[in-house]
K.L.:
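One structure is given below, represented as structure tokens, and several questions about it will come after.
From a predicted model like this one, the values you see are computed outputs, not experimental measurements.
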Amino acid sequence: MEKQKLQRLLTLDKCLRNEYRWMSMAELLRACNKVLESKGFAKVSERTVREDFRTIDTEYDVKILKELRGHTAYFRYEDTTYSIAQQILPEEANSTLKKAIEVLDELGNSPHVLWVKTLLRQITLEAPYAKIGNIQFQNNLDLAGLNFFNDLAGYIVNKRAIRLTYKAYGKEEQTCIMHPYLLKQYNDRWYLVGQNDGYETFSNRAIDRIVKVEEANVEYKGTGVDFEEYYEYTIGVTFEPGDPVEDIVLKVDPQRYNYIRSKPLHWTQTELHELSDDDHKYVRLKLRVNRELTALLLSYGRDVEVVSPATLREMMGLMVEDMAGLYRK
């Protein structure tokens with residue numbers, strides 16, 4: 001649908017479903033032209049609006065009531081609880097998403113592209129199995145800070161420094177100048193990765209703790225870092241630049257191993273066949289030790305035991321003892 005017509009129809013829809021006010025043709029025309037001008041479109045005539053009335057009636061099957069007051073006619077939907085946007089916007093969204101799929105098709109089927117195409121096809125209902133309600137994706141739509149997501153992505157793409165106000169849990173608000181480089185999701189939470197002005201190291205900020213963000217009048221400082229490589233041996237987002245990548249050996253319950261084999265803890269996971277037997281399976285990971293890793297290991301309970309390195313094994317043991325103490329009280 002032509003963008004100007006879309007704006008007209010949505011404006012008329014908003015006006016006509018106002019149950020508290022009937023509007024004349026002149027008022028509807030003014031409302032349409034006000035919206036069109038604000039979006040850079042040319043004004044239209046009353047004839048165009050009357051044609052839009054016919055579109056609403058015939059294509060969307062919505063009855064428009066007409067009430068004469070003196071010599072002036074006023075209009076309103078018969079059912080003011082209904083909106084044609086319920087039909088228009090999905091159509092427009094599907095059209096846009098299909099175009100996105102066509103572009104992605106040109107990029108081949110690398111893992112990064114393939115999952116995006118699969119998701120888009122699920123949304124547009126192109127796949128025969130992708131009916132509403134039959135497939136559920138894990139999303140935390142109530143996560144605070146999602147309203148900043150589009151702006152942050154725009155600042156990254158357009159290479160703009162930002163003034164960021166942030167409130168960590170239990171601390172006062174802090175404001176800094178940041179050069180943003182990456183939005184990274186982990187465990188249903190989004191993180192902004194960048195470099196604070198005057199610092200050489202990277203920092204990350206959970207977007208649910210961002211209070212305010214705006215463009216800063218500071219020259220953007222770019223980075224040549226490949227973040228795929230930067231996080232290659234890290235689960236989550238936290239680590240210090242000097243943290244070593246370690247060989248981590250785990251002993252896994254054979255029943256639980258079937259799940260870990262089909263959904264690896266990390267891409268570096270390999271089975272140590274020389275150690276594995278019917279009673280236990282052994283796997284090796286190459287990772288930095290951080291709190292996201294320890295939380296992941298704890299989530300497997302007694303089914304996963306750290307064999308090495310000794311420092312991680314001791315750390316996990318202390319955590320388990322502290323947890324057990326909570327249940328002995």
K.L.:
Distance check, rounded to the nearest 0.5 Å: Leu16 atom CG versus Lys63 atom NZ?
P.N.:
14.5 Å

K.L.:
At what distance, to the nearest 0.5 angstrom, does SG of Cys15 lie from CZ of Arg76?
P.N.:
13.5 Å

K.L.:
Will you find, in the side chains of Asn18 and Arg21, an N or O donor that is under 3.5 Å from an N or O acceptor?
P.N.:
no

K.L.:
Find out whether Trp267 and Glu232 are in side-chain contact, i.e. whether some heavy atom of one side chain is under 4.5 Å from a heavy atom of the other.
P.N.:
yes

K.L.:
Taking the side chain as every heavy atom from C-beta outward, state whether His273 and Lys281 have any atom pair closer than 4.5 Å.
P.N.:
no

K.L.:
Does a sphere of radius 6.0 Å around CD in Glu67 hold more than 12 heavy atoms from other residues, nucleotides or ligands, not counting ones at 6.0 Å or beyond?
P.N.:
yes

K.L.:
Nearest heavy-atom pair of His280 and Tyr282: which atoms, and what distance?
P.N.:
CB-CE1, 4.2 Å

K.L.:
Which heavy-atom pair separates Leu287 from Thr234 by the least distance, and what is that distance?
P.N.:
CD2-N, 3.9 Å

K.L.:
Taking all atoms of both residues into account, what is the closest heavy-atom pair of Pro180 and Ala161, and its distance?
P.N.:
CD-CA, 4.3 Å

K.L.:
When you check the gap from the basic side-chain N to the acidic O, do Glu215 and Arg160 get nearer than 4.0 Å?
P.N.:
yes

K.L.:
Hey, is Glu51 close enough to Arg8 for a salt bridge, meaning N to O under 4.0 Å?
P.N.:
no

K.L.:
Testing the basics here: between Ile162 and Ala216, what is the closest heavy-atom pair and its distance to 0.1 Å?
P.N.:
C-CB, 3.7 Å

K.L.:
Does some side-chain heavy atom of Val62 sit less than 4.5 Å from a side-chain heavy atom of Asp57?
P.N.:
no

K.L.:
Carefully, step by step, assess Thr165 and Thr175 under the rule side-chain hydrogen bond (donor to acceptor under 3.5 Å, both in side chains).
P.N.:
CA-CA 4 Å; Thr165 302; Thr175 300; 3.1 Å; yes

K.L.:
Whether the side chain of Ser308 engages the backbone of Ala310 through a donor-acceptor N/O pair (distance < 3.5 Å, no angle test) should be reported.
P.N.:
no

K.L.:
Please check this pair: side chain of Glu292 against backbone of Val237, looking for a donor-acceptor N/O pair closer than 3.5 Å.
P.N.:
yes

K.L.:
May I ask whether Val320 and Val306 are part of the same hydrophobic cluster, defined by side-chain heavy atoms of I, L, V, M, F, W, Y residues being less than 4.5 angstrom apart, directly or through others?
P.N.:
yes

K.L.:
Can a salt bridge be assigned to the pair Glu219 and Lys221 using a cut-off of 4.0 Å between side-chain N and carboxylate O?
P.N.:
no

K.L.:
Taking Arg189 first and then Asp208, would you say they form a salt bridge - that is, a charged N and a carboxylate O separated by under 4.0 Å?
P.N.:
yes

K.L.:
Apart from Tyr74 itself, which Ile, Leu, Val, Met, Phe, Trp or Tyr residues share its cluster (side-chain heavy atoms under 4.5 Å, direct or through members)?
P.N.:
Trp22, Leu65

K.L.:
Of all residues at least two apart in sequence or in a different chain, which pass the ring pair (Phe, Tyr, Trp, His ring centres under 6.0 Å) check with Tyr257?
P.N.:
none

K.L.:
Determine whether Arg302 and Asp253 make a side-chain contact, defined as any pair of heavy atoms from C-beta on separated by less than 4.5 Å.
P.N.:
no

K.L.:
Is Ile177 linked to Val193 within one hydrophobic cluster, defined over Ile, Leu, Val, Met, Phe, Trp and Tyr using a side-chain heavy-atom separation of less than 4.5 Å?
P.N.:
no

K.L.:
With rounding to the nearest 0.5 Å, note down the distance linking OG in Ser203 to CE in Met178.
P.N.:
3.5 Å

K.L.:
Step through the shown structure and confirm whether more than 12 heavy atoms of other residues, nucleotides or ligands are within 6.0 Å of CZ on Phe227.
P.N.:
yes

K.L.:
Using the ring of Tyr231 (Phe, Tyr or Trp, six-membered ring only), decide whether Lys184 places NZ or CZ under 6.0 Å from its centre and within 45 degrees of its axis.
P.N.:
yes

K.L.:
Does atom CD of Glu274 have more than 12 heavy-atom neighbours from other groups under 6.0 Å away?
P.N.:
yes

K.L.:
Do the non-hydrogen side-chain atoms of Leu250 and Leu265 ever get within less than 4.5 Å of each other?
P.N.:
yes

K.L.:
Would you indicate whether Arg163, at its atom CZ, is surrounded by more than 12 heavy atoms from other residues, nucleotides or ligands within a distance under 6.0 Å?
P.N.:
no

K.L.:
Kindly check if the number of other-residue, nucleotide or ligand heavy atoms within 6.0 Å of CD (Gln174) is above 12?
P.N.:
no

K.L.:
With side-chain hydrogen bond (donor to acceptor under 3.5 Å, both in side chains) as the criterion, how do Asp13 and Tyr60 come out once you've worked through the C-alpha distance, each side chain's angles and the decisive distance to 0.1 Å?
P.N.:
CA-CA 11 Å; Asp13 179 68; Tyr60 298 101; over 6 Å; no

K.L.:
Should the heavy atoms of other residues, nucleotides or ligands under 6.0 Å from OH of Tyr20 be counted, would the total exceed 12?
P.N.:
no

K.L.:
Side-chain contact test, heavy atoms from C-beta onward, threshold under 4.5 Å: evaluate it for Phe202 versus Leu182 and give yes or no.
P.N.:
no

K.L.:
Go through the steps for Tyr220 and Tyr155 under the test ring-ring contact (aromatic ring centres under 6.0 Å, His included), then give the verdict.
P.N.:
CA-CA 10 Å; Tyr220 182 80; Tyr155 292 135; over 10 Å; no

K.L.:
Is there a path of hydrophobic side-chain contacts, each under 4.5 Å between heavy atoms of I, L, V, M, F, W or Y residues, that connects Val35 with Leu10?
P.N.:
no

K.L.:
Shared ILVMFWY cluster between Leu9 and Met23, side chains joined below 4.5 angstrom?
P.N.:
yes

K.L.:
Please report the interatomic distance OH(Tyr233) to OG1(Thr268), rounded to the nearest 0.5 Å.
P.N.:
8.0 Å

K.L.:
Nearest 0.5 Å please: distance from the CG atom of Leu29 over to the OG1 atom of Thr48.
P.N.:
8.5 Å

K.L.:
Would you say CG of Asn217 has more than 12 non-hydrogen atoms from neighbouring residues, nucleotides or ligands within 6.0 angstrom?
P.N.:
no

K.L.:
Report yes if some heavy atom in the side chain of Leu293 is under 4.5 Å from a heavy atom in the side chain of Ile248; otherwise report no.
P.N.:
yes

K.L.:
Does a side-chain N-to-carboxylate-O contact under 4.0 Å join Asp247 and Lys286?
P.N.:
yes

K.L.:
How about NZ on Lys167, more than 12 heavy atoms from neighbouring residues, nucleotides or ligands closer than 6.0 Å, or not?
P.N.:
yes

K.L.:
Does this structure show an ion pair linking Arg313 with Glu305, if we count only N-O contacts that are shorter than 4.0 Å?
P.N.:
yes

K.L.:
So which atom in Thr238 and which in Asn290 form the shortest heavy-atom distance, rounded to 0.1 Å?
P.N.:
O-ND2, 2.8 Å

K.L.:
Closest approach of Tyr186 and Ile235, non-hydrogen atoms and distance?
P.N.:
OH-CG2, 3.4 Å

K.L.:
Cation-pi check for Phe239 against Arg288: NZ or CZ below 6.0 Å from the six-membered ring centre and within 45 degrees of the axis, yes or no?
P.N.:
yes

K.L.:
Find the distance between CZ (Arg209) and CG (Leu192) and round it off to the nearest 0.5 Å.
P.N.:
12.5 Å

K.L.:
Contact between Leu298 and Met319 at the side-chain level, heavy atoms closer than 4.5 Å - yes or no?
P.N.:
yes

